[in-house]
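Below, each value reflects all heavy atoms present in this structure, side chains not excepted, and no hydrogens, waters or symmetry copies. Fair warning: this is a prediction, and the values are worked out from it, not measured in the lab. Protein chains get the first letters and strands the later ones, always in sequence-line order, with residue 1 at the start of each.
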Amino acid sequence: MSTEQPFVRARDLVIRFRVKTDHGSRWITPVDGVSFDVSAGEVLALVGESGSGKSTLGRTLVRLNEPTSGSLQIGGRDVTHTRRSRDLKELRRQVQMVFQDPFGSLNPVRSIGQHLRPLVRKHQGFTGQALEDKVAELLEIVGLQPGVEAAVKYPHEMSGGQRQRVAIARALAVNPTFIVADEPISMLDVSIRADILKLLNRLKDAFHLGYLYITHDLASARYFGDRLMVLYGGQVMETGDADAVVGAPKHPYTQLLLSATAGHGFTRKGDVLNIDAPNLFEGRKGCPFAHRCPLVMDVCRDVRPPLTAVDKGHQVACHAVTGASVHTPVVETSPS
Amino acid sequence: MARRPVVEVEHLSVGYMTPRGLATAVDDVSFTIYENEIVGVVGESGCGKSTLANAVMRLLGPGAYVTGGRIRVDGQDVYRMQPEALRQFRWTTMSMVFQSAMNVLNPVKTVASHFEDTFLAHVPNMSKREIADRAAELLRLVRIDPSRLRSYPHELSGGMRQRVVIAIAIALSPRFVIMDEPTTALDVVVQRSILESIMELQGQIGFSVLFISHDINLVTAISNRVGVMYAGRLVELSEAAFDASGGFHHPYTQGLLRAIPKLAVGEDEIEGIPGSPPSPFDMPSGCSFHPRCPYRKPECSMRKPPLVVAENYQVECHLTPAERRGELHVH
Amino acid sequence: MSDQPQAPVQPAASQPALPQKIRRPRPQWLQTLARVFREPKALIGFIILALFILIAIFAPLLATHDPMQEGALPPLQPPSKQFLFGTTGYGDDVFTQWVYATRTSLSIGFQVAVIATALSVILGVYSGFKGGKVDAVVNWVTQVMLVLPGYPLIIMISSYIPNAGSEAIVWVLGLTSWPGAARMKRAQAMTYRTRDFVLAAKLGGFSDFRNMLAEVFPNMMSLVFNTFISMISWGIFGEAFLRFLGIGSTHTPSWGNMLNQAQNGNALMQGAWWWFIPPGLSITLVILSLTLINYGIDEVSNPRLQKPLKLPKALRRKLQAAAGEEGM
Amino acid sequence: MYYIKKLGNFILLVWVAITLNFLLPHLMPGNPMEALVAKSQGKIDPVVMHALALQFGINNKPLWQKYIDYMTQLLHGNLGVSITYYPVHVSTIIGQSLPWTIILVGVTTVLAFLIGTLIGIVAAWRRNKLFDSLMGPLWMFMGSVPQFWLALLLLYYFGFQLGWFPQMHSYSAGDAPSFTWRFLGDAVWHSILPGFALLITTIGGWMLAMRNNMIQVVSDDFVAFAKARGLRPWTVMMSYAARNAVLPSVTQFAIALGYAVGGQILIEEIFSYPGIGYQLSQAVISQDYPLMQGIFLIIAVVMLFVNFAVDILYARMDPRVGTEEASA
Amino acid sequence: MEGTLKKLAATAVVSTAAVALLAGCGGQTSSSNAAGGTGNGASNNAVQTSSSSNPPLTILAEESSSWTDNFNPYAVANLQTPNGTIYEPLFYFSTTSSKVYNLLGTAMQWSNDNKTLTVTVRDGVKWNDGQPFSAKDVVFTYNLLKQYPSLDTQAVWKALSDVKQVGSNQVEFDFKSVQVPFSQIVVGAVPIVPEHIWSKIQGDPSKWTDPNPVGTGPYMLDKFNAQTYTLKANPNYWGGTPAVPELIYPAISSAQAANLQLTSGKLDWADEFLQNIDKLYVSKDPTNRHYFFPPVADLNLVPNLKNPLLANTAVRQAMSLAIDRQQIDNVGEFGYEKPSNPSGLVLPNEQDWLKPGLSTTFTVDIAKANALLDQAGFKKGADGIRVSPSGQKLSFNLIAPNGWTDWNEDETLIAQDLKQIGIQINVQEPQQTDWSNALLNHQFDLALESGLFAGNTPYQGFRNTLYPGMQQNYEQYDNSVVAKALDQFASTTDPSTQKQAMYTVEAQFEKDLPVIPLVYAAEWSQYSTKDYTGWPDASNPYVDPSPATAFADAIVLMNLKPAH
């Protein structure tokens with residue numbers, strides 16, 4: 001990890017939404033006091049199940065969401081409340097996004113070339129034949145050979161993996177320094193996922209790209225992420241070096257997640273767990289995981305546990321872990 | 001132990017009629033599921049696994065046709081039943097948990113009325129009271145509070161909906177349940193708890209399961225035997241071996257396993273299978289996997305592979321076991 | 001290795017990759033249109049419509065009499081070689097009136113459709129995509145417009161336009177018929193607002209206006225086309241309605257005017273069906289053709305409406321035979 | 001909360017509609033006097049005109065003053081006095097004609113919806129079978145026929161030539177409305193021709209819409225799941241597929257019901273049916289502001305009320321409504 | 001023209017109201033002295049009274065989508081025709097003959113230099129509620145109009161200064177100035193209402209709907225509903241019980257529906273415009289079905305005389321010569337409206353007033369028309385359009401109301417005719433209101449307009465059209481000779497003086513062509529003799545035959561006799 005000024009620096013980010021319910025509209029906080037840094041060329045893997053706020057957080061980095069409070073610095077500039085379209089454009093020149101659904105993230109009526117050409121022209125100033133060459137080159141960089149041929153295709157003529165490659169090429173067309181990859185492989189076939197992950201990895205090295213890699217899959221997070229951050233109910237549960245978090249999870253939720261992952265400590269016996277979603281409504285108290293936690297104590301329901309370092313660069317937010325002197329793992333966690 | 005077959009699928013082929021002609025989705029698939037057995041089928045999207053499930057249920061959508069073979073469930077040929085007989089056969093003998101738990105419940109009906117409809121369709125003289133009691137009992141079985149009977153589907157979380165569907169599926173104590181990706185859209189933790197429920201129920205009540213999924217780890221964990229489908233064919237059917245990497249025999253299956261990132265620290269090598277599955281209109285000659293196979297031999301592209309049956313597995317492959325493990329062939 | 005995953009397997013890769021020879025696929029909407037033409041119902045619709053359009057275009061060539069010479073012929077002649085569709089009670093040739101009426105009615109229909117479609121697209125897409133205050137205002141106006149009763153409003157407006165010629169009718173019909181269509185477009189545009197490809201374009205630094213035009217609008221072509229077709233129907237119906245009520249110039253031959261005249265002239269009471277039937281039947285056929293076309297577009301552009309294909313007979317017979325042998 | 005919001009929106013829209021009703025006629029050129037002078041071909045003596053102006057209460061108060069007067073009167077439930085039927089109250093005229101419109105147009109609208117929807121259900125359920133391939137084109141054709149044209153054909157053939165049905169009015173002359181079987185029978189007898197013309201031309205729209213919805217719903221998973229559960233086909237068709245497929249039509253039906261209150265101008269005119277549509281068109285042409293405003297008001301209020309009621313009904317029919325999440 | 005108003009003619013109620021207003025608007029005084037002697041048709045019927053067994057008559061007088069329960073005879077907006085059979089004026093002046101009918105009045109006498117008119121009121125008349133009628137009711141009625149100007153829809157108090165009772169059965173009308181012809185309106189168009197009812201109305205009587213009308217006429221309201229109402233014979237009618245015991249008035253909303261009813265034989269008396277009437281209507285029952293379309297006015301081509309080109313008499317003469325009036329009759333008006341007379345009179349009604357020696361017919365003479373224009377210096381341009389010496393094109397807009405299909409047809413025919421002599425006509429069809437406003441404000445070149453000249457004498461028609469400052473003088477004709485002649489006519493009751501004055505006007509009219517008469521505008525009427533005879537017809541046009549002429553209806557009905 002670099003010691004210089006991190007490329008992304010988020011402090012106490014809070015994002016609120018208004019939702020309609022049976023009883024009128026209420027505020028929820030899908031992201032609630034999240035702080036993290038990502039350095040240039042580093043991959044931070046953000047792990048959580050649906051409703052944990054990981055996508056909301058990801059979109060905030062490209063400012064598709066505006067934080068309600070806290071601060072967000074990107075590339076050394078505070079972009080927390082940037083609204084001017086020129087400033088937003090500047091931000092998005094540095095930070096790009098790859099979406100989850102390769103079928104939804106490409107416009108079905110535009111050819112691949114039509115997706116890339118305007119971007120390359122706008123951000124890199126190429127025109128004419130040079131533009132065509134650059135587009136083809138981009139496509140070849142992401143593994144679509146020959147690029148000229150891929151450029152004339154329409155999205156529906158491509159497989160999911162190929163589309164995701166185009167989506168990556170589109171992000172690259174802007175020459176970004178950072179990419180938010182929101183579950184980029186979760187909708188792809190298993191046999192293709194590895195190649196996309198490897199492509200992202202290769203681009204990281206080739207262009208010194210930093211990533212926020214959003215996923216619900218611990219294994220791919222460990223594989224691709226340098227560091228790992230586990231989110232639950234909009235709050236950070238645990239964060240640290242990827243191998244450390246997966247290898248020796250401290251937080252009961254991380255442990256649960258790990259144990260539930262099929263093929264790794266999965267047995268045919270076990271307790272059926274409370275699967276209720278976390279409460280996101282404003283005004284909640286305590287630890288969002290308390291209602292499911294096997295180690296729950298009275299304090300957990302009232303006081304939000306602070307994120308506390310348990311090891312170098314390894315932090316956990318849990319009264320049971322940091323408050324109590326002894327931590328007793330309750331769920332089998334050792335990988336086979 | 002003399003096992004009684006519950007489901008016998010023989011040389012089943014299913015095709016979809018498209019403007020470009022008939023596309024074969026399931027190609028000459030045969031297997032048997034025995035009493036109380038869970039058979040898992042894995043494969044990537046478009047490999048024909050859902051078509052297989054629907055074909056067994058005789059629920060193929062418009063434009064899809066069984067073009068060969070036969071299916072017997074509990075000894076009865078599903079495709080030779082009259083509509084009324086089929087109607088009564090369904091759910092009493094075989095039921096199905098659909099892929100999209102989100103969408104299989106009628107949005108305008110309560111959970112209770114789903115149970116009501118199901119019971120009344122098969123036990124017309126059942127009283128409302130009995131139905132309510134039985135439904136509550138079933139919900140308790142899948143660990144849902146019976147007060148949820150009054151809820152509408154949209155008021156339930158995805159996990160709960162899937163449990164409700166499972167409860168409905170076992171309502172009439174069928175001998176055989178098809179589960180078509182029952183946990184795909186769910187979070188891992190929820191996924192696990194549902195799988196546990198399924199296994200628990202299966203242990204308690206006793207029924208056979210055809211479990212379809214794209215997640216080979218999951219299938220391996222839950223099934224007695226695991227089938228692997230590729231391009232419409234059942235290329236492998238093996239005893240589930242927990243030690244995953246060693247337990248499978250087809251190069252495709254092995255490729256799938258290699259493509260999955262591992263949790264264990266230190267196992268950092270992952271590798272995708274090159275290329276993509278063939279289009280049904282552009283099937284490679286011989287073994288349909290040969291263009292993507294790292295161990296392919298010349299004959300792979302020339303002849304259909306034979307079915308190799310071993311003690312605890314069967315596989316369709318030209319390669320010898322050693323070749324399949326890549327021991328003789330370095331790519 | 002797998003950095004270039006499809007290189008060894010993609011059949012395309014084995015062909016020489018010369019840029020000049022690259023097949024440029026037709027854009028999707030063109031393909032959709034081509035498929036619409038293959039839909040038998042829609043094809044019938046297109047043929048009927050084409051016939052009427054041809055009649056409209058070649059009206060001066062087809063007309064058997066001078067359309068300006070009023071009352072020069074013997075009145076109420078039944079159809080004959082000389083008067084293909086007979087003559088009116090005012091001594092005009094019905095066929096001649098009819099071909100010119102086809103021209104007027106169709107062109108009014110098209111013009112109304114252009115105005116209404118344009119308005120509905122501009123207002124609907126813009127407000128749906130943009131959201132916010134603009135949307136609130138447009139949505140309000142739309143709601144109010146939808147609440148006002150259509151035809152009475154039209155009568156009200158058109159009865160105050162001096163010398164209401166075809167243009168006035170076109171404007172009145174065009175300006176009153178956009179709200180329903182705009183609401184549909186707004187709803188669809190709203191769904192695009194949060195679509196990933198639109199967000200991606202936004203992240204690419206493009207303006208909302210550009211994204212609306214380049215990303216959203218092309219995706220709504222089938223809806224736009226649908227609206228356009230419906231609005232032609234509306235225009236033709238509306239014109240007939242107004243002219244039948246006696247609003248607008250009676251000197252422009254149109255189907256509505258012909259019906260109005262036939263009705264005033266007691267055509268049916270005098271047994272002059274040839275005076276009354278052609279305009280009404282023409283309206284019916286053109287509207288039918290438009291309905292068929294719209295229906296075809298629906299069936300083709302909405303995947304959930306696409307017809308399942310049947311197994312070819314030969315294959316079915318073969319399968320049955322095989323099943324028989326097996327004793328299934 | 002959902003209902004309160006809907007109610008608030010309802011009241012606001014009613015106010016806008018009332019204000020528009022007030023403004024629209026006043027924005028039009030001319031006034032009732034001019035219209036009357038025109039109708040009398042300009043031969044009313046200026047002194048007489050003064051008498052008329054006195055009778056009609058036409059004055060040159062500023063518009064805002066008139067608006068306040070109008071709103072005050074409205075709040076007292078006073079719709080004013082008609083000019084064409086001076087000094088009869090607008091409410092009397094509406095009370096006299098609205099019931100007939102509701103009976104004829106309302107009933108046919110409901111019937112068309114029921115019949116069309118039912119045919120649509122069956123056609124979709126038996127898609128591409130004989131029933132479907134007959135009903136589709138048949139009702140598409142019927143839906144393309146101009147209503148007034150068909151009405152006239154029916155009138156001339158069945159009313160005039162064959163004399164099977166009455167040619168006009170809603171009940172026989174010399175009868176007084178009463179709740180006797182004889183009278184009701186007579187009223188039904190009189191409504192057959194206009195009702196048939198309305199019915200037969202509107203069934204198609206409902207049928208096609210329902211068929212499309214139904215085909216889409218039939219491919220939904222919950223229908224497959226219902227089939228898989230071995231539910232009886234009737235249950236699957238009605239209580240699963242149709243029950244959900246009808247939801248989009250319900251909103252359309254509300255709009256249709258609302259418009260039904262506006263009457264059917266041409267049908268009412270052709271059959272001299274004492275409905276409100278013809279009354280309105282006449283009011284518009286004679287610039288009878290109070291009558292026009294009164295009828296517009298009734299239409300707008302009924303329209304809005306029906307929309308409101310359907311929103312409520314819809315929420316009952318579709319439990320999902322009103323609880324869906326939307327981020328702000 | 002009613003038939004042509006079509007759907008646009010609004011609630012026909014309004015238009016008929018206007019017609020009814022005007023029906024009385026013509027007339028003169030000279031014959032009024034003699035009027036008392038004219039036989040009253042009603043008395044003929046007094047003999048036969050056993051009418052209750054006779055069939056009813058179904059009458060269509062006005063198109064309306066529905067009736068409203070309003071029988072106030074002064075509610076102009078809704079002057080339902082039957083008011084003329086329920087309420088009566090003092091006298092009725094026929095418009096199709098010179099007959100004057102004594103109704104509630106039995107005699108008129110001028111005095112005080114033609115400024116005072118004394119009317120003797122009929123004795124023994126009862127209101128249909130049984131109360132006696134007297135001169136007091138007459139005085140009450142006129143004073144009510146004075147008190148409530150909104151009731152004075154005939155503007156009688158514009159001319160009157162006082163109305164008072166003289167003796168037991170006479171009423172004296174004092175005029176502000178000598179206006180002999182206007183007295184026909186004063187005593188011929190004001191229905192008399194009962195004091196014992198109308199004095200008890202709260203507030204403005206014009207706002208009262210009079211749902212149970214009490215009148216002196218031969219009929220009284222029987223049953224009412226919005227679709228149909230019926231009148232029954234008044235058993236106490238002073239003229240005897242009418243032969244027709246019941247009158248049925250169905251509400252019919254359109255001309256087409258009415259035509260259908262008429263040809264189906266469901267109407268006994270109607271005023272419908274119907275093409276091919278012989279085939280459609282008469283031929284179904286030639287012995288019983290009849291029609292009578294008397295001319296009642298001229299349809300004129302009105303030039304705006306403030307337009308310098310149209311002010312040129314030669315241009316108007318040439319136009320008149322080029323227009324084929326027979327074709328307008330045949331094609332535009334279906335042969336129902338004969339070409340007009342050059343004198344401006346409506347013949348044969350006003351035959352008595354025709355100046356001897358005037359040309360009797362218009363002729364078509366293109367050559368002469370061209371010659372006239374050539375002579376006046378209008379030369380044909382390259383496009384065939386003539387140009388004035390000052391370089392202006394002879395190109396005019398011609399307006400007629402939109403939707404009046406026969407006039408619209410006429411417009412085209414005129415345009416075709418005038419093209420032959422190098423005059424270009426741009427046919428325009430503004431909405432009725434705009435057409436009317438254009439005429440009133442004189443913002444037009446040429447217009448089609450039918451002056452309802454018809455009256456007891458030609459005076460009112462000529463005055464309306466030709467007298468400077470009159471509203472209907474759309475063309476803005478100003479000729480002192482004509483004006484003087486009209487003034488002379490109005491100030492005297494002497495027939496020969498009046499005739500000489502009329503001759504002067506006719507001669508000027510023929511010479512100047514201030515408006516170009518085209519064809520006669522006709523009144524439509526169809527009737528069936530199956531049950532009743534005695535209708536006005538060409539051989540005995542005793543009153544206007546249309547059922548839409550309010551007070552005339554009572555006279556027609558009292559003239560009917562059972563056919564068998």
Heavy atoms of other groups near B:F31 CZ, more than 12 under 6.0 Å: yes
Which of B:R58, B:R87, B:Q88 touches chain D most, by non-hydrogen pairs under 4.5 Å: B:R87
Residue pair B:V108, D:L247: steps toward the side-chain contact (heavy atoms from CB on, under 4.5 Å) verdict: CA-CA 10 Å; B:V108 300; D:L247 290 174; 4.2 Å; yes
B:N103, B:V165, B:L59 screened by side chain to side chain contact (heavy atoms under 4.5 Å, CB included) with D:F225, the one that passes: B:V165
Over all atoms of both residues, closest heavy-atom pair of B:K109 and D:S239: NZ-OG, 2.8 Å
Top contributor to chain D interface from B:E84, B:H122, B:M96, B:M57 [non-hydrogen pairs under 4.5 Å]: B:H122
Within 6.0 Å of CD in B:Q82, more than 12 heavy atoms from elsewhere: no
Evaluation steps, side-chain hydrogen bond (donor to acceptor under 3.5 Å, both in side chains), between B:N106 and D:N244: CA-CA 8 Å; B:N106 188 343; D:N244 281 281; 2.6 Å; yes
Contact origin within B:L86 toward chain D - heavy atom pairs under 4.5 Å: neither
B:S95 versus chain D, the contacting section by heavy-atom distance below 4.5 Å: neither
Closest heavy-atom pair and its distance - D:P319, B:P107: CG-O, 3.2 Å
Straight-line distance of B:F119 CZ to D:L231 CG, nearest 0.5 Å: 12.0 Å
Taking every non-hydrogen atom, the tightest pair across B:D117 and D:Y240: OD2-OH, 2.7 Å
Contact summary for B:A121 and D:G230, nearest pair of heavy atoms: CB-O, 3.5 Å
Check: D:R229 main-chain N/O paired with B:R90 side-chain donor or acceptor under 3.5 Å: no
